Amino acid sequence: MSLPVFGVWLTSGWEGDPGEVWCVPGESPGEALAWYRLNLPDLENKQRAFLIPVVHPAARRNGIGRQLLRHAADRAAANGRTVLGSVAVQDSAGAAFAMAVGARAGLVEARRLLDLHKVPAGEFARLRERAAAAATGYTIVSWAGPTPQEYLSLVAAAFNAMNDAPSDEGWEEEIWDADRVRDRAGRIVRLTGVRGYSVAALHDATGELAALTQVEVDPERPDWGHQGLTAVTRPHRGHRLGLLTKATMMEWLTTAEPQVERVVTGNAASNQHMIAVNETLGYDLYPPGWQFCEIPVKSALRAVPVERMTDTAAIDALAELFGCPPGGSTTAASNLSRLQQAFSVRYAISLAHQPPTSCGSTAGRMTRRTIASVRSTWSGPSTWIAASATGSSSERGRAIRGNYPNLGPTRSRRS
Ligand SMILES: CC(C)(COP(=O)(O)OP(=O)(O)OC[C@H]1O[C@@H](n2cnc3c(N)ncnc32)[C@H](O)[C@@H]1OP(=O)(O)O)[C@@H](O)C(=O)NCCC(=O)NCCS
């Protein structure tokens, strides 16, 4: 996941849900040892929070993950949430951690990859024609970039159709309308240089949107296509519109983005219809997939004993970490309030694991650097200077080299 995409997700989530990011600073200013993002949905599922905790690989198995969980559970409870959900790569440290703290395993999402080198010339056109033969009375439209004004309410129908995709029990349906699509969908395309492609089928007789599929290409990894939402609205299922729109998309992509070598997607392992379409297009399984899980907030609070911290010094350290512009006063309280003003989501810190760095006089924003640091705990820095959370001073500051698997959070609504 590129830095711009990661930055948008970290600060405001995939779909603009409110949230909080908490962070444990590393030894050096601007570096993060551990962090989490807590999504706090504000439109539906308001009893739930969604947590992604990450600890730098070199600092794992020291209990920091438990502390992050406990802290996040506190924040979830303070926001009136009763259930904490999360997702981890199957068979990863994250999945083991989730089970160790008593989370219940939920939906399994299988990843699939379409290797364009293996697709015979003309295959997508052949599949499109085959599907079109079963889909009379529909017109294909397409656009690049954000959803045009005239399609906003039509596209909302496709988002509403996603409520029929398999999901874990207890999730409320999302209700989309034109305003929500304009404000909350496609944020990565609107806020970064990522290029978005959409192909839709409109029903000639009613003008309704019958099907939609979306793909994104990140200029920083232009050889990869990322499948976004694919949905066929209920009255129009069974007419091969899923295959028609996706085959049309792939034909378009091979000319608009000829450097794309592979497209990745993910579906609930039980989503047979979508998987059948993907397999027809040539997708193969690309493990590991994702394992969703959840834990009642009350259990998370009980399961993870941790001392309460009062950490004015840590708040000061955070002010430096996030490049909070220096003010007249350097008290923790004023730093915290300036931090809250400076960022749309609330950043704060409560884990006093780390010896706090002194509150600096760093002028200007360091968000990009900080986000880069946070991201590097996740997707693999080539070099990382970090201290073990419990390490002695002689262990601190050692350089840790290595490539860690990309454990970026699953993009919602792929198909
Ligand atoms: C998951 C993660 C946050 C855990 O951080 P951590 O600081 O290592 O966690 P803890 O030290 O508190 O571990 C608590 C328990 O989880 C279990 N656990 C954690 N990592 C494990 C692993 N790699 N293998 C087996 N069990 C593991 C253990 O039971 C551990 O207790 P123990 O060390 O006393 O045996 C960290 O591995 C990580 O950042 N992973 C990548 C992102 C991710 O998957 N996030 C989780 C989404 S649910």
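The shown structure was predicted, so the numbers you read here are calculated from the model rather than taken from an experiment. The first residue of the sequence shown is numbered 1, and numbering continues consecutively from there. We count ligands from 1, going down the list as the structure has it; atoms in each ligand are counted the same way.
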Any nitrogen or oxygen of [X], main chain or side chain, under 3.5 Å from a nitrogen or oxygen of ligand 1?
X: A96; value: no
X: S92; value: no
X: A88; value: no
X: A98; value: no

(request) Return yes when atom CZ of R112 has more than 12 non-hydrogen atoms of other residues, nucleotides or ligands closer than 6.0 Å, and no otherwise. (result)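 Yes - once you tally the heavy atoms of other residues, nucleotides and ligands closer than 6.0 Å, there are more than 12.
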(message) Taking salt bridge (Lys or Arg N to Asp or Glu O under 4.0 Å) as the criterion, tell me which of D284, D223, D115 meets it with R262.
(response)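 Filter result, single survivor: D223.
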For [atom], which of [options] has the closest heavy atom?
atom: atom 36 (C) of ligand 1; options: H56, R61, R60; answer: R60
atom: atom 9 (O) of ligand 1; options: P57, A103, G65; answer: G65
atom: atom 42 (C) of ligand 1; options: G63, G94, P53; answer: P53

Donor-acceptor pair, [X] side chain versus [Y] backbone, under 3.5 Å?
X: N79; Y: R75; answer: yes
X: N163; Y: E174; answer: yes
X: D168; Y: L107; answer: yes
X: T192; Y: V189; answer: no
X: S92; Y: A95; answer: yes
X: H239; Y: L241; answer: no

Atoms in ligand 1 flagged as close to [X], the criterion being non-hydrogen separation under 4.0 Å:
X: S86; value: 47 (C), 48 (S)
X: A93; value: 20 (N), 23 (N), 37 (O)
X: I64; value: 7 (O), 12 (O)
X: R66; value: 12 (O), 14 (C), 15 (C), 31 (O)
X: V87; value: 47 (C)

(request) Could you tell me how the ring of W14 sits relative to the ring of W9: parallel (under 30°), tilted (30 to 60°) or perpendicular (over 60°)? (result) tilted
(message) Below 30° counts as parallel, above 60° as perpendicular, anything between as tilted: where do the rings of F6 and W35 land?
(response) perpendicular
Side chain, backbone, both or neither: which part of [X] comes within less than 4.0 Å of ligand 1 when only heavy atoms are counted?
X: A100; value: side chain
X: N62; value: backbone
X: I52; value: neither

